[in-house]
Each structure stands twice: as C-alpha cells, then as structure tokens.
Amino acid sequence: MFANSHLSLRSIVACLCLVAHAQAAYKLQERYSWTQMDFAFPNPGLKQQALASGDYIPQNALPVGMEHWGNRLFVTVPRWRDGIPATLTYINMDHSATGSPELIPYPDWRSNTAGDCANSITTAYRIRADECGRLWVLDTGTVGIGNTTTNPCPYAVNVYDLQTNTRIRHYELRAEDTNANTFVANIAVDIGKSCDDAFAYFSDELGYGLIVYSWEQNKSWRFSAHSYFFPDPLRGDFNIAGLNFQWGEEGIFGMALSPIRSDGYRTMFFSPLASHRQFAVSTRILRDESRVEDSYHDFVALDERGPNSHTTSRVMSDDGVELFNLIDQNAVGCWHSSMPYTSQFHGVVDRDDVGLVFPADIKIDENKNVWVLSDRMPVFLITELDYNDVNFRIYTAPLSSLIENTVCDIRNSAYGPSNSVGSTSFYGTPTSTNNIFGPQLNLGGNKVYGPPNPVSVPKSQTRFNKPYLPPLPTKPTLQTDIPRVAPPSRNYLPPLMGTGYSTTQRSDAAKAYVFNNGLSYEAGVGGPHLFPLHSEGLRNYVSARTSGWWLEH
C-alpha cells in the first residue's frame, strides 16, 4: 500500500513537472485574430455601399506590417488587389483589447486615397514609430503586385506627429534613389543625439539598393549594387504551409539597428530574403553621402544562421537582443548581439505550426513588449485562404519572457541545444570564421558587438529607458536536451505593461471617408451631392466609373 501511494505521488509530481514545463514554453499570447480583415466604416449603410461598388472586398485584404504606440496598434494593408479601402490603419486598444476589431484608417479616410500623391498614401508596408512620437511611413505609390503593379505615385516618405495625428513631413524620393526594378517594403529609423538627428533607411528588395533619408537635411541618397544586397542563388527555394515555391530574386529585405555605441553610431544588421546569412555595417557609413561609391569593405558578412532560416523581419532591443522571423519554421528566432553570430548562439523563442504560419512582422515597443503579426502570406498569394478559418493573428509577450531559458538570455548560463535555430550541435567555444568582435569593424576603438555603450540622449526627446544586462558569463555550460512539450491554449492574456487598457469607449469617427477608387463618403447636411476632384493626378488615376467626381453623402 505504501509502495502504491509512493508511486502515485511520483506520478503526480511528474505530471506537475510536465505542466510547469508546458507553462514555461507558453510565450506568445494571441491578442487579435481575424478570418478576414474588416474596416471601421462610419455606418452599416456606407459599408454596404462600398461592398456593392467593389470599393471594399474583404477577401482581398492582407495585413503585412504593424507598429505599437501608446494605446494604438497600427496595421498596414497593401493594395495588392482591388477593394482595399485603406492602407494605413490602427486599432484603438482602449476600445478593443482583444478579439477581431475593425481597422480604423489613419489619420483619416481621406488620407488613404489611392492615387492622391500629394495628400494621401496609396500603399504602405512596414512602418516605424520613433521615440520622438513620430510615425514613419513609406508610401510605395503602387497598386497591384507582380505583373499587375502600376505606379500612380512616386515613392514618398511620410512622417506623422502621433500626438496631433497630422502629417509633418512629405518627401518624394529622387529619381536617382530608385530604378526600374525597385520594390521597397522595409524601413528602419535611426534617432541620434536629438530628434532632428534622425535618419531613415529603406531596403530596395528587387532593385538591390539601400536608400538613406536625412530628416535634418531633408535629403536622400542611395547605396547601390553592393553584392551583399543581392540574393543567394542557393537560397531561393522556400517551403511554407505545405507549399514549395521560389523567391529567388529577393535581395536586401529585413533590417535592424543596434543600440547607440560609444562613437555615437549604431550598427545596421540586414539580410536578403533569399539568404540564410546576415550582414552588418555602421550607420557612420550610411549617414555619409560621400561613401555611397567607396564603402564596399565597410560592410561585413556574418555566418549563416543554419538551414531553413529565411527571414523577412528583424528588430533589436535597446539592450542588444535581436528577434527575427523564421518563415520556413513558423517560428520567431533570437540572437544576443554580445555573442558571435553563429548558429549555436541562435535561439527559437516560440514556434507554432498553425498560428505562426508566416510571421510577417515583429516589433518591440517602448515597454519591451514584443508584437508578432502572422498572415499566411504564401497561401494568400499562391493558392487561396480558407475564410472559415482564422488567417491573421497578432501575438504579444514581454521580451524577457520570450528569451527566458533560451541561448539569448545571457543572465542564464545554462544554454541547451533545444533552442537552436539550425543544427542540434552542442554549444561550446565559438568557431565563427566571421567573428568581428575585434578590429574588422572597429569604430574608434569600439567593438561593433558586445554590451552597448550608449551616448546620452536628452530625456525630453526620448520615452525609452535603456537598462543594460549584466556582464556575459565567461563560458556557457551544457545541459541535456529537454523534450518540447506542446504549450497550452493561447486564449489567456496576461496584462501588458504600460498599455493602459480600459473599457472606456472613444469616438474615432473621422469626418471624411474616402475609398480606394476615389469615392468620398462624408457625413454632411442636405443629402448626397457631387463635386469635382481637385487633384489632377487623382483625376487621371481614379476608375472610369467615378467620371472624375467625388460622391459626397
């Protein structure tokens, strides 16, 4: 009897250990999900009118980018197909803490009119909010995708004041900044010693270039044809969601910026899409227009991440932790920049073969919460989504909980191979052939990698605190591989720091509602009437059925 009791106790303890491990593996929390995207029309009648006219086709909307700021979560929807009423939108998180909320056009409907080059945004992809309270948006000026692409507008940098929700900068890229093949989706924003000391970097995926824009100079320039911007011919084959396809032409794509180093500059890390390798360059080079032609040796190639490690989005925290999507693995990976860039020092912070099919975008906000958008993009583009199923999800978790017990958590000296991105080799002494901790990228005696050495930033111009991690352990110790236990349901959402959720509803209705074919629906007095378009560019672009007129209601 005693033996049986003892056995039962051991079984209970074993079960509790499994549950505890499952909870430890439970990281990214689902906050929003949609079967298809919906938009916040002012009333059901106008929504039905947009559906009937083809201005709104729900099945054609695919979210590709996001950003979190304050009580708003911004979401971008490119105009790849007809019927996308707005490309730059947001979720009011005070009003919708979870669920499947409607997307609210930002800053209003009229500013989302396709083809209104001077006043609106035609198509936005990735966006960035900076610590100065500004939202940076690159308008590609395009409608369609692939062979269906048209360019009613030029590429333009748009910057919004997030306090006043007004556009404070509109800059069209120079003709020399782009070429016939240019396609730019990604943006990185670099804030230096002040809010005026700001630069934006844009990766030209198909034109194989890197475009730099200076806020203070209101000027742009282009780094072209560096071999590190090109795709790897051996890495153009993809397998995602049971689909095999080739994205062999895609070059420089995802970018991330390190914390400011002691010399006052950051390190930019980037990867071509068709590649398993990461590259690096100091922003000291990128900020200098005179270096566009003679900076080849200032760029450095790092090691490969390992097999099946294509990535399109990356971000680095202010204490040097880089997160990146692993689109082949339905996962999010990590690397601590104080460690060599070798596969044994890459971790997987979460993996989900249902919810994380194509984790398209990753962001870290000012409170060190991580946001991940997954959208099943290859299924959308190659076959057809099942709109009876959940297709689009936004997850979140504190950065500290994501990297806990992974190789990226340098506060923990017990690293194990269960978190490896690539091979299952043991973690030992780094053997990188591209270990550039030393003089290869030495900038004024400061190592590119390693614990950040920040310059001081006036408190009035930043909302970010910059805590730094303790010194790196001298040598990681090995641990045996722990079997991965499936995490529990993602329905539970712990509170996020600093989001200020409340049940108070706010009025987000804009005065103007403009859809992508040029029709405008405004709440007015006296019933509907027509008035002519004022923008010649828009007049030439809108569809024939509008006949160059606005419909006001």
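Quick caveat, the model's predicted, so the values are computed rather than measured. Residue numbers run from 1 in the order of the sequence given. As a basis for the values below, the full set of heavy atoms in this structure was taken, side chains included, without hydrogen atoms, waters or symmetry mates.
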Next item on the list: Decide ring-ring contact (aromatic ring centres under 6.0 Å, His included) for F345 and H336; before the verdict, give the C-alpha distance in whole Å, the side-chain angles of both, and the deciding distance to 0.1 Å.
Entry: CA-CA 8 Å; F345 292 104; H336 198 289; over 10 Å; no

Notebook entry, point to check: What do the steps show when you test F269 against F279 for ring-ring contact (aromatic ring centres under 6.0 Å, His included), and what is the final call?
Noted result: CA-CA 6 Å; F269 300 97; F279 302 90; over 10 Å; no

Next item on the list: Would you sort out whether T267 and V281 count as a side chain to side chain contact (heavy atoms under 4.5 Å, CB included), showing the intermediate values?
Entry: CA-CA 6 Å; T267 300; V281 63; over 6 Å; no

Margin query: For N92 and N71: C-alpha separation, side-chain torsions, deciding distance, then whether side chain to side chain contact (heavy atoms under 4.5 Å, CB included) applies.
Written below: CA-CA 6 Å; N92 183 337; N71 69 335; 3.8 Å; yes

Atom pair [atom1] ([X]) and [atom2] ([Y]), whose distance is rounded to the nearest 0.5 Å:
X    : Y    : atom1 : atom2 : result
N60  : W80  : CG    : CH2   : 12.0 Å
N181 : T178 : CG    : OG1   : 10.5 Å
Y395 : Y32  : OH    : OH    : 14.5 Å
R305 : T342 : CZ    : OG1   : 13.0 Å
E205 : N186 : CD    : CG    : 8.5 Å
T148 : D82  : OG1   : CG    : 9.0 Å

For residues [X] and [Y], is any side-chain donor paired with an opposing acceptor at under 3.5 Å?
X    : Y    : result
T142 : N151 : no
S313 : N325 : no
Y155 : D177 : no

Does a side-chain heavy-atom distance below 4.5 Å link [X] with [Y]?
X    : Y    : value
V184 : L138 : yes
R134 : I191 : yes
T396 : H68  : no
R128 : V315 : yes
V370 : L323 : yes

Is there a donor-acceptor pair under 3.5 Å between the side chain of [X] and the backbone N or O of [Y]?
X    : Y    : value
D55  : G83  : no
S224 : G209 : no
W335 : M339 : yes
S337 : G320 : yes
T123 : P78  : no

Residues that [X] engages under side-chain contact (heavy atoms from CB on, under 4.5 Å), provided they are two or more places apart:
X    : result
S227 : Y296
D161 : Q163, T164, T166, I168
N218 : R169, Y171, Y213
Q217 : S214, K219, W221

Going by salt bridge (Lys or Arg N to Asp or Glu O under 4.0 Å), name the residues that satisfy it together with [X], two or more places apart in sequence or in a different chain.
X    : value
D232 : none
D361 : R126, K363
D190 : R266, R287

SB check [X] [Y] (cutoff 4.0 Å):
X    : Y    : value
E322 : R314 : yes
D197 : K193 : no
K368 : D365 : no
D94  : R72  : no

If the condition is ring-ring contact (aromatic ring centres under 6.0 Å, His included), which residues does [X] pass it with, not counting sequence neighbours?
X    : result
F39  : Y56
Y208 : F230
F253 : none

Notebook entry, point to check: Hey, is CD on E249 packed in by over 12 heavy atoms from elsewhere, all under 6.0 Å?
Noted result: no

Checklist line | Plane angle bin for F199 and Y201 - parallel if under 30°, tilted between 30 and 60°, otherwise perpendicular | finding: parallel

Next item on the list: Just do the ring-ring contact (aromatic ring centres under 6.0 Å, His included) check on F358 and F392 with the steps written out, would you?
Entry: CA-CA 10 Å; F358 208 88; F392 316 123; over 10 Å; no

Check: With sequence neighbours excluded, what pairs up with E304 under the side-chain hydrogen bond (donor to acceptor under 3.5 Å, both in side chains) test?
Finding: R235

Checklist line | Residue that, paired with W136, satisfies ring-ring contact (aromatic ring centres under 6.0 Å, His included) out of W215, Y125, F74, Y160 | finding: W215

Next item on the list: Sequence neighbours left out, what pairs pass disulfide (SG to SG under 2.5 Å) with at least one residue falling in residues 148-187?
Entry: C117-C153

Item checked: side-chain hydrogen bond (donor to acceptor under 3.5 Å, both in side chains) assessment of S290 paired with D288 -> CA-CA 5 Å; S290 69; D288 187 351; 2.6 Å; yes

